[in-house]
> 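First, the structure itself, so that you have it in front of you.
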Amino acid sequence: MKFTIQNNDPKSNARAGFIETDHGNIETPIFMPVGTIGSVKAVHINDLKDAVKAQIILGNTYHLYLRPGLDVLEGAGGLHKFNGWDRPILTDSGGFQVFSLAHRRKITNEGVTFQSHIDGSRHLFTPERVMDIERSIGADIMMAFDECPPYPCEKDYARNSMNITHGWLDRCISHFNKTEPKYGHSQALFPIVQGSVYTDLRKESAEYIAKLGCEGNAIGGVSVGEPIDLMYEMTEIVCNILPKDKPRYLMGVGTPANILEGISMGVDMFDCVMPTRNGRNGMIFTRNGMMNMKNEKWKHDFSPIDSESDLYSDLQYSKAYLRHLFSANEILGPMIASLHNLHFYLWLVKEARKHIIANDFATWKAQILPIVSQKL
RNA sequence: GGGGAGAUUCCAGAGUGGCUAAAUGGGGCAGACUGUAAAUCUGUUGGGCGACCUUCGGAGGUUCGAAUCCUCCUCUCCCCA
């Protein structure tokens, strides 16, 4: 994996670049659709490639390990072959599930004992085990196994959690270096900065990770319910410490506004369930603001879903029809909305990239941010 | 023609003397959603939007008090001829 910066925005820390992987290049800043269980919910691979123009998607170690399981994934020849996505894939390590499935796990220095949310069976995840699983999945970018602390979180807990994450990280790197990719393409390992909302912990964690010289670095433990200003504050602190010549990944973020702010702080990669989950729940993001397509106000609005978009379905279907699909609980509604939202998110980062290269990102951001954030 | 059951708030459907503006479900309306246990979850749904007023087929009656009891009327459904 190789990261090249093409241009730095003169008035912010935003930068445009590209990442080269064995499955193709990724232009940054980039948004990565989330495909937890090996599928970006409600969206076909073909649409993801041709309509959304997604460049990289996510998978999740914990979920894929439980189902379909490693025998199936290895039998298929890795996740790329299994789901037909031949572009880059990033796998989250299951660290977020340490947080989201908090009531069914136990954390020790050794690792985490999980109880499966599917059948209640117990599983032990250690850093070594997670590296092995991510090797079996075959992601181009593997995330280190971390603990994502909740918010709010006492400082003592946050410090201890950060130290555990750092200890696990050392073991991840060591095991990563001892093992080989299984499918002939190279894999990179990204460590994850933690430290909750405490500036000194965040600095300590970022400095710890900056020294390791990994191929890319991630900021975790944000977007877990903390005030947005705190998220921005932590992101900024960490970005200023992480190496400039390596991609920075802000995990789990976020709204269009969050992404624009993140880019201006120097973040290169984002992922979030919001475009797909909110899409399934009837909410769409557009360059003119956010719309709840279930609302009565669209009932007789026969104009295209998004007339400024170049996505076929945005022009083909009307707002009234999309509202009807949601009212009738038709599966096509979530499909159209998810596709639309992903297309918009990818459009947004592509536009941002264009303006970074044109040296007017900050101006453009100031202009578009209030517009995309409003409710229609 | 004979016998029986029933009419409840947008719909379906509980309720059978006061705790009932009325269960529950559906529908409607609105909100939430940030490394996905999510095609999910939450709120609200007579009016005035205060301690107030009008509701449970219609009219009358019993009672301190009725959606709930009585009388008549209207309509619906079922069974037997």
Side-chain angles (χ1 to χ4, degrees), chain A residues 31-43 56-64 66-67 89-105 114-120 134 139 141-151 165 190-194 218-228 230-232 235 249-259 261-262 267 269-285 290 292-299 323 325-338 341 345 375:
Chain A
F31 177 79
M32 309 181 281
V34 179
T36 307
I37 317 177
S39 117
V40 175
K41 293 184 194 293
V43 181
I56 170 172
I57 62 173
L58 258 67
N60 184 277
T61 302
Y62 165 80
H63 288 281
L64 290 168
L66 287 182
R67 196 164 53 190
I89 293 176
L90 179 151
T91 39
D92 184 28
S93 61
F96 186 74
Q97 281 63 45
V98 178
F99 155 78
S100 67
L101 301 171
H103 58 288
R104 11 172 105 232
R105 53 81 167 145
F114 278 106
Q115 230 184 318
S116 160
H117 68 283
I118 300 166
D119 62 5
E134 293 191 85
I141 299 173
M142 304 168 34
M143 299 309 298
F145 190 49
D146 66 332
E147 194 213 335
C148 178
Y151 179 86
T165 292
F190 281 22
I192 302 171
V193 173
Q194 287 294 348
I219 305 164
V222 294
S223 65
V224 289
E226 78 283 10
I228 292 302
L230 278 178
M231 181 176 98
Y232 290 153
T235 303
Y249 165 27
L250 184 59
M251 305 183 77
V253 174
T255 64
N258 295 162
I259 289 174
E261 296 292 5
V267 175
M269 304 162 71
F270 301 87
D271 80 282
C272 190
V273 302
M274 205 170 252
T276 42
R277 178 186 285 170
N278 287 28
R280 288 197 304 283
N281 293 333
M283 182 186 173
I284 68 171
F285 299 90
M290 303 176 281
N292 184 343
M293 295 315 297
K294 291 179 178 172
N295 286 171
E296 193 175 21
K297 62 175 120 178
W298 312 117
K299 193 170 186 176
R323 175 188 138 86
L325 292 175
F326 276 104
S327 299
N329 202 24
E330 277 293 314
I331 191 108
L332 185 57
M335 290 171 67
I336 291 172
S338 298
N341 282 343
Y345 267 62
K375 279 186 190 170

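Being a predicted model, the structure only gives us computed values, none of them experimental. Chain letters run A, B, ... following the sequence lines, proteins first and then strands; every chain starts at 1.
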> Considering only atom P, compute the distance from G25(B) to G43(B) and round it to an integer number of Å.
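Comparing P positions in G25(B) and G43(B) gives a spacing of 11 Å.
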> Please tell me which of the listed nucleotides, U34(B), G35(B), A38(B), lies nearest to the side chain of His117(A)?
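Out of U34(B), G35(B), A38(B), the nucleotide with an atom closest to His117(A)'s side chain is A38(B).
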> Does Thr61(A) reach the side chain of Phe145(A), with side-chain heavy atoms less than 4.5 Å apart?
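Thr61(A) does not reach Phe145(A) side chain to side chain.
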> Would one find a side-chain N or O of Asn295(A) under 4.0 angstrom from OP1 or OP2 of A30(B)?
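Checking A30(B) against Asn295(A), a side-chain N or O does come within under 4.0 Å of OP1 or OP2.
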> Does Arg277(A) put a side-chain nitrogen or oxygen below 4.0 Å from OP1 or OP2 of G35(B)?
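So the side chain of Arg277(A) is outside the cut-off, no N or O lying under 4.0 Å from OP1 or OP2 of G35(B).
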> Would you measure the distance from the C1' atom in G50(B) across to the matching atom in A5(B) and give it in whole Å?
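It comes out at 45 Å once rounded to the nearest Å.
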> Between A7(B) and C56(B), how many Å separate the two C1' atoms, rounded to a whole number?
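Going atom to atom, C1' in each nucleotide, I get 10 Å.
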> What is the pairing partner of G17(B), taking Watson-Crick or G-U wobble pairs with both distances under 3.5 Å in any strand?
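Base-paired to nothing in any strand shown.
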> Kindly point out which of U36(B), G28(B), U34(B) is positioned nearest to the side chain of Thr36(A)?
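Within the option list, the nearest is U36(B).
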> What distance, rounded to whole Å, do you find between the two P atoms, one in A32(B) and one in U36(B)?
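Between the two P atoms, the distance is 22 Å.
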> When the C1' atoms of G28(B) and G1(B) are considered, how many whole Å apart are they?
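My reading of the C1' atoms in G28(B) and G1(B) gives 47 Å.
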> Do the non-hydrogen side-chain atoms of Arg323(A) and Asn295(A) ever get within less than 4.5 Å of each other?
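No; the side chains remain at least 4.5 Å from each other.
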> Across the strands shown, which category fits Gln194(A) at heavy-atom distances under 4.0 angstrom: base, sugar-phosphate, nothing?
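Base contact.
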> Would you check if there is a donor-acceptor pair between the side chains of Asp92(A) and Tyr62(A) at a distance under 3.5 Å?
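No, no side-chain donor-acceptor contact under 3.5 Å.
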> Pairing check on A12(B): which nucleotide meets the Watson-Crick or G-U wobble criteria with it, both distances under 3.5 Å?
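Pairing partner: U24(B).
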> Are Asn278(A) and U34(B) close enough that a side-chain N or O sits under 4.0 Å from OP1 or OP2?
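For U34(B), neither OP1 nor OP2 has a side-chain N or O of Asn278(A) closer than 4.0 Å.
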> Can you establish whether the number of heavy atoms outside Arg67(A) located under 6.0 Å from its atom CZ is more than 12?
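No.
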> Quick one: CG on Leu101(A) to NE2 on His117(A), what's the gap to the nearest 0.5 Å?
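Those atoms lie 7.0 Å apart.
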> Counting only side-chain nitrogens and oxygens, does Lys375(A) get under 4.0 Å of the OP1 or OP2 atom of A32(B)?
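Indeed, a polar side-chain atom of Lys375(A) lies that close.
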> So, Asn341(A) and Ser338(A): side-chain donor and acceptor under 3.5 Å apart, yes or no?
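Ser338(A) and Asn341(A) do not have a side-chain donor-acceptor pair below 3.5 Å.
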> For a quick check of understanding: with a heavy-atom distance under 4.0 Å over all strands, which category does Gly221(A) fall into, base, sugar-phosphate or nothing?
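Contact class for Gly221(A): base.
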> If I take atom CE in residue Met231(A) and atom P in nucleotide G35(B), what distance separates them, rounded to the nearest angstrom?
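That distance rounds to 11 Å.
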> Using both distances under 3.5 Å as the test, list the Watson-Crick or G-U wobble partner of A5(B), or none.
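Pairing partner: U76(B).
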> Have a look at Gln97(A) and say if it touches a base, only the backbone sugar-phosphate, or nothing, with a 4.0 Å heavy-atom cut-off.
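Here Gln97(A) touches the backbone only, sparing every base.
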> So if I take every side-chain heavy atom of Asp271(A) and compare against G35(B), G31(B), A38(B), which nucleotide ends up nearest?
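Minimum distance to the Asp271(A) side chain belongs to G35(B).
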> How many Å lie between CE on Met32(A) and C1' on U36(B), as a whole number?
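Nearest whole value for this atom pair: 15 Å.
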> Over all strands shown, is Leu66(A) touching base, sugar-phosphate only, or nothing at heavy-atom distances under 4.0 angstrom?
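No contact.
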> Taking only the side-chain heavy atoms of Ser223(A) (C-beta and beyond), determine which of U34(B), A37(B), U36(B) contains the nearest atom.
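When the side chain of Ser223(A) is considered, U34(B) is the closest of U34(B), A37(B), U36(B).
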> Just compare G35(B), C33(B), A38(B) and give me whichever is closest to any side-chain atom of Met283(A).
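It is C33(B).
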> Tell me what Ile118(A) touches on the nucleic acid: a base, only sugar-phosphate, or nothing, going by heavy atoms under 4.0 Å.
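Nothing, no nucleic acid heavy atom in range.
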> Does the side chain of Asn258(A) reach to within under 4.5 Å of the side chain of Tyr232(A), using non-hydrogen atoms?
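Heavy-atom side-chain distance check passes, below 4.5 Å.
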> Is there a Watson-Crick or G-U wobble partner for G31(B) with both distances under 3.5 Å, and if so, which one is it?
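G31(B) is paired with C41(B).
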> Look at Ser100(A) and A37(B) and indicate whether a side-chain polar atom (N or O) is within less than 4.0 Å of OP1 or OP2.
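Answer yes for this pair, as a side-chain N or O of Ser100(A) is under 4.0 Å from OP1 or OP2.
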> Measure NZ/Lys294(A) against P/C33(B) and give the value in whole Å, please.
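Rounded to the whole Å, the gap is 13 Å.
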